[in-house]
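What follows is one structure encoded as structure tokens, with my remarks underneath.
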Amino acid sequence: MMRSIVCMLLLLLGSGVFAQKADFKACAKYSERNLSEYVHSLSIYPSWIGNSEFFWYYYTTNDGTVYYLVDAKKGKKQELFSAERLAAKLAELTGKVENAKDLKLGGFRFEGDNPYRLMFSKYGKDFVYDVKSGELKEFTREKVTSSFSRTPYWQRWSPDSNYMVYAYKHNVYLQERGDTTSHQLTTDGERYYSYSFQRDKDTGKKEGAAVTWSGDSKVFYCLRQDRRNVEEGYLVDHLADPRPTLKTYKFPMPGDKYVYTYDLHLFNAGNKSHQVVDIAKYPDQEVKVLLFDFNKYPEYIYFTRKSRTCDEMDLCRVDTRTGEVFEIIHERCEPHFTEQLFECRILNGGEDILWWSERSGWGQYYLYNKNGKLKNQVTDGNFVASRILVLDTVGRNFVFEGYGREKGINPEYRFFYKVNFDGSGFTLLTPGDGYHSIDLAKNGKYLIDNYSRVDLEPVAELRDTRGKKIMTLESPDLRLLYGMGWKKPERIKVKAADGVTDLYGVMYRPFDMDTMRKYPIIVNVYPGPQENYVPQSFTLDDNGNESLAQLGFIVINVGFRGSCLNRGREFHDFGYGNLRDYALADCKFVIEQLADRYSFIDLDKVGIYGHSGGGFMAAASILTYPDFYKVAVAASGNHDNNIYTKWWGETYHGVKMHEKKTGKQEQKEYSFESKIPTNIELAENLKGRLLLITGDMDINVHMAHTIRLANALMKANKRFDMMIIPGADHGLGTPYYVNLIRYYFVENLLGERSNNVDMENID
């Protein structure tokens, strides 16, 4: 009899009847909101003192906050002041006693480049503190008097103050100093095609003109955007008082006939002339004027123009004296330019041009002369040279972000490098296996490097820009955090569905897990293509995944092929032309690998969730692999990318340009076609539990995406759950939203149903 009972108990345990209940207390205990009470400073935020080699910062531990002064050249730091002694001196001068641990100082600053003369404000008074002697004095600031009268916001004066430009009813007006008469320079301005900063409104009053003056005050220009024929999107503000109101906005979609277009206008102040610069080349091209010292070099304007098909781009120069346009650089990049990483810098008055290109398959920098002749390749190799942080045109070098160059290290970790314009002197500034952030000294000689990983506490180091470490500055005080049971997540490395490509991610476990048990697995997804949102640096509860795991789940977050723009063009463009399905096979294969690797993962209980593109992917996953995923939460998902924003669909899925000739003159007409697969087409495949969430005021991903998917599910006679959050835009990160996701997985993946009408605020 006893043997039968034992066997029955073992059978029940194996079947999951006695599965562990969701640990809501642990979820609340390890939420980011609660954990923040146990953690103080994690990074250093330096303030460099003038152009000196000194900086100051403050750092908080369990023992309080200390202010430090650092001599970067000597590699020495000291306390800037003793809070106890400074509080005592303030009490002597003011008669006000304050707890030193709560001492707050305002207007913290130094006198010029002097690192030993600290000035601050307290109790409505100004004080100066001598760091060397410890002397504290009150001082009175000199009152600055000026005859300057505030210029009305709508007046755009020339540098020599001889001309003033403004916009009225969307047109440009010019007025000379001392002249009471304004000269109307344009007549074709109108709403959505305006020369004014108020391009979308008819105000009936003078407004600021969207113009840029040349340094010699002879000319000014305006890059005007035409939005007139772009179709509108609509939202209803259901919570508006006293009645719901309609909100309209311009929203071009993939394949639309009318999209934003641009024209460039050049104005001559002296003869009050206006000309439209001929910048046309590509139908529906996108135009951007580049940042350039137009004050010092007024002869030229530089702009880029990119084809609507996103695979051709030019750098052009406009001669402001004649309006002539010269094409300096033309480049074709298939299938599309990675515009988030693209950089073009005009240097030394246009004598040097730094141009970023993926022509080798990897983003690298190239140096051209003013006429578009290639001087040399600046950076080279199978890594991505990314955004420029600082340029030194005198020393002819620059500091930039780089990804994937350091062997054996996650290629999505950010490093910083320095290189000369001719490609020489290539220097790694931030060694250390982790994700780096830096602050450079104003004199360009030193930097503070903060780096970490999800499984590595932050490290703060002082280095010089020759790559030499000077000193370690700080490490965080996490005694309380570890003391209350918190643990770091685990980095994971797996293969993509091709069995070759390495993918990187993070795994979160319950802190009290029993490795002999089986746990459901949940994957938090975001497919990109512009970013994958996998955490790279040290965090407490990234996206709530750590606290979600404490309920009794294994939670993972992995970057799939096509999700990261910092791993080279082949990896980034994996999903081109397949914007719905490209990440799905990788995700499924990753979960299967981990289940083979870890016996505690229950492959029969797989959940998936995400927001925005992640919501789109979560729904696509459960509809594509309905027998694999049992539960999905899809929040604010762009389930029909044909009604999402133009730049997303046309850039990452593709758009076809059609050309035809019409009329006797056989003029060319162009049309564009884009057709993207949708989640709506997969609705009939649903087998598991699906929760759709959307905000009713989401301009980015309109709630129509979710409504269309819901409609398709209903037509397919499928049961599903849906939540519309009133008044919410695209960002949904409220406690109610977070807890909604938690409860859904607890009820449908753990099988623990809650009948309580009140949703407990776990945070």
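Taking all atoms of both residues into account, the shortest heavy-atom contact from N700 to F251 is O-CZ, 3.9 Å. Across all non-hydrogen atoms, the minimal contact from H653 to P677 is CE1-CD, 3.5 Å. Listed here is the closest heavy atom pair of N51 and D113: N-OD1, 2.9 Å. The two atoms that bring G372 and I329 nearest to each other are CA-CG1, 4.3 Å, heavy atoms only. Residues C316 and V325 share a closest heavy-atom pair of CB-CG1, 4.0 Å. Listed here is the closest heavy atom pair of G112 and I49: O-CG2, 3.8 Å.
A salt bridge links D352 with R396; the closest basic N to acidic carboxylate O contact falls under 4.0 Å. Taking the charged nitrogens against the carboxylate oxygens, K272 and E176 do have a contact shorter than 4.0 Å, which makes a salt bridge. Using a 4.0 Å cut-off between charged side-chain N and carboxylate O, K646 and D284 make no salt bridge. The pair E312-K281 does not meet the salt-bridge criterion, since no charged nitrogen lies less than 4.0 angstrom from a carboxylate oxygen. A salt bridge links E334 with R332: at least one charged nitrogen is closer than 4.0 Å to a carboxylate oxygen.
The CD atom of E669 sits 3.5 Å away from the OG1 atom of T662 when rounded to the nearest 0.5 Å.
In K375, the NZ atom is crowded: over 12 heavy atoms of neighbouring residues, nucleotides or ligands sit closer than 6.0 Å. Counting heavy atoms of neighbouring residues, nucleotides and ligands inside a 6.0 Å radius, atom CG of L246 exceeds 12 of them. Within a 6.0 Å sphere centred on NZ of K122, other residues, nucleotides and ligands contribute more than 12 heavy atoms. Few gaps surround CD on E327; more than 12 heavy atoms of other groups in view lie less than 6.0 Å from it.
Relative to the ring axis of F616, R580 does not place its NZ or CZ within 45° and under 6.0 Å from the centre. Cation-pi check for R308 over Y282 is not met; the charged atom does not lie both under 6.0 angstrom from the ring centroid and within 45 degrees of its normal.
A donor-acceptor pair under 3.5 Å links the side-chain atoms of R156 to the main chain of A209, judged by distance alone. Listed for the D392 side chain is a donor-acceptor partner under 3.5 Å among the backbone atoms of G395. S214 places a side-chain N or O within donor-acceptor distance of the main-chain N or O of V219, the cut-off being under 3.5 Å. Put simply, the side chain of N369 gets close to the backbone of N371: a donor and an acceptor are under 3.5 Å apart. Put simply, the side chain of H639 never gets that close to the backbone of I707: no donor and acceptor are under 3.5 Å apart. Remark: the backbone N or O of W648 is not paired with any side-chain donor or acceptor of T645 at under 3.5 angstrom. A donor-acceptor contact shorter than 3.5 Å is absent between the side chain of K206 and the backbone of W154. D698 contributes no side-chain N or O that, together with a main-chain N or O of G695, makes up a donor-acceptor pair within less than 3.5 Å. Here the side chain of S674 pairs no donor or acceptor atom with the backbone of E650 at under 3.5 angstrom. In this structure a side-chain-to-backbone donor-acceptor pair under 3.5 Å is present from Q285 to I279.
Aromatic ring centroids of H336 and Y652 lie under 6.0 Å apart. With ring centers used as reference points, F342 lies under 6.0 Å from W355. Within the 6.0 Å centre-distance limit, the rings of F398 and Y365 are counted as a close aromatic pair.
Between F220 and W213, the ring planes are tilted. Angles from 30° to 60° get that label.
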Take H238 and D696, measure what side-chain hydrogen bond (donor to acceptor under 3.5 Å, both in side chains) needs, and give me the verdict at the end.
CA-CA 8 Å; H238 300 90; D696 69 345; 2.8 Å; yes
N162 vs D160, side-chain hydrogen bond (donor to acceptor under 3.5 Å, both in side chains): CA-CA, chis, key distance, verdict:
CA-CA 5 Å; N162 286 327; D160 64 6; 3.1 Å; yes
Checking H611 against N543 for the side-chain contact (heavy atoms from CB on, under 4.5 Å) test, could you report, in this order, the C-alpha distance in whole Å, the side-chain angles of both residues, the deciding distance, and whether it holds?
CA-CA 10 Å; H611 172 261; N543 202 30; over 6 Å; no
Candidate pair M703 and I724, rule side-chain contact (heavy atoms from CB on, under 4.5 Å), full reasoning:
CA-CA 8 Å; M703 66 181 292; I724 297 177; 3.7 Å; yes
Under the side-chain contact (heavy atoms from CB on, under 4.5 Å) criterion, do S612 and Y526 qualify, and how do the steps go?
CA-CA 8 Å; S612 191; Y526 189 87; 4.2 Å; yes
One pair to check against side-chain hydrogen bond (donor to acceptor under 3.5 Å, both in side chains): Y163 and D179. What are the steps and the verdict?
CA-CA 10 Å; Y163 300 96; D179 191 348; over 6 Å; no
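Among residues two or more places apart in sequence or in another chain, the salt bridge (charged side-chain N to carboxylate O under 4.0 Å, His left out) test is passed with E339 by K306. Applying the salt bridge (charged side-chain N to carboxylate O under 4.0 Å, His left out) test to K201 and every residue at least two apart in sequence or in another chain returns nothing.
A donor-acceptor pair shorter than 3.5 Å cannot be found between the side chains of H705 and T694. Under the 3.5 Å distance criterion, with hydrogens and angles disregarded, no donor-acceptor pair is assigned to the side chains of R227 and S194. For the residue pair S182/Y166, the side-chain donor-acceptor check at 3.5 Å is satisfied.
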Donor-acceptor pairs are to be reported for all side-chain atoms of residues 293-302 against protein atoms at under 3.5 Å, with residues two or more places apart or in another chain.
unit_1, atom_1, unit_2, atom_2, d
D293, OD1, N295, N, 3.3
D293, OD1, K296, N, 3.0
Y300, OH, R321, NH2, 3.4

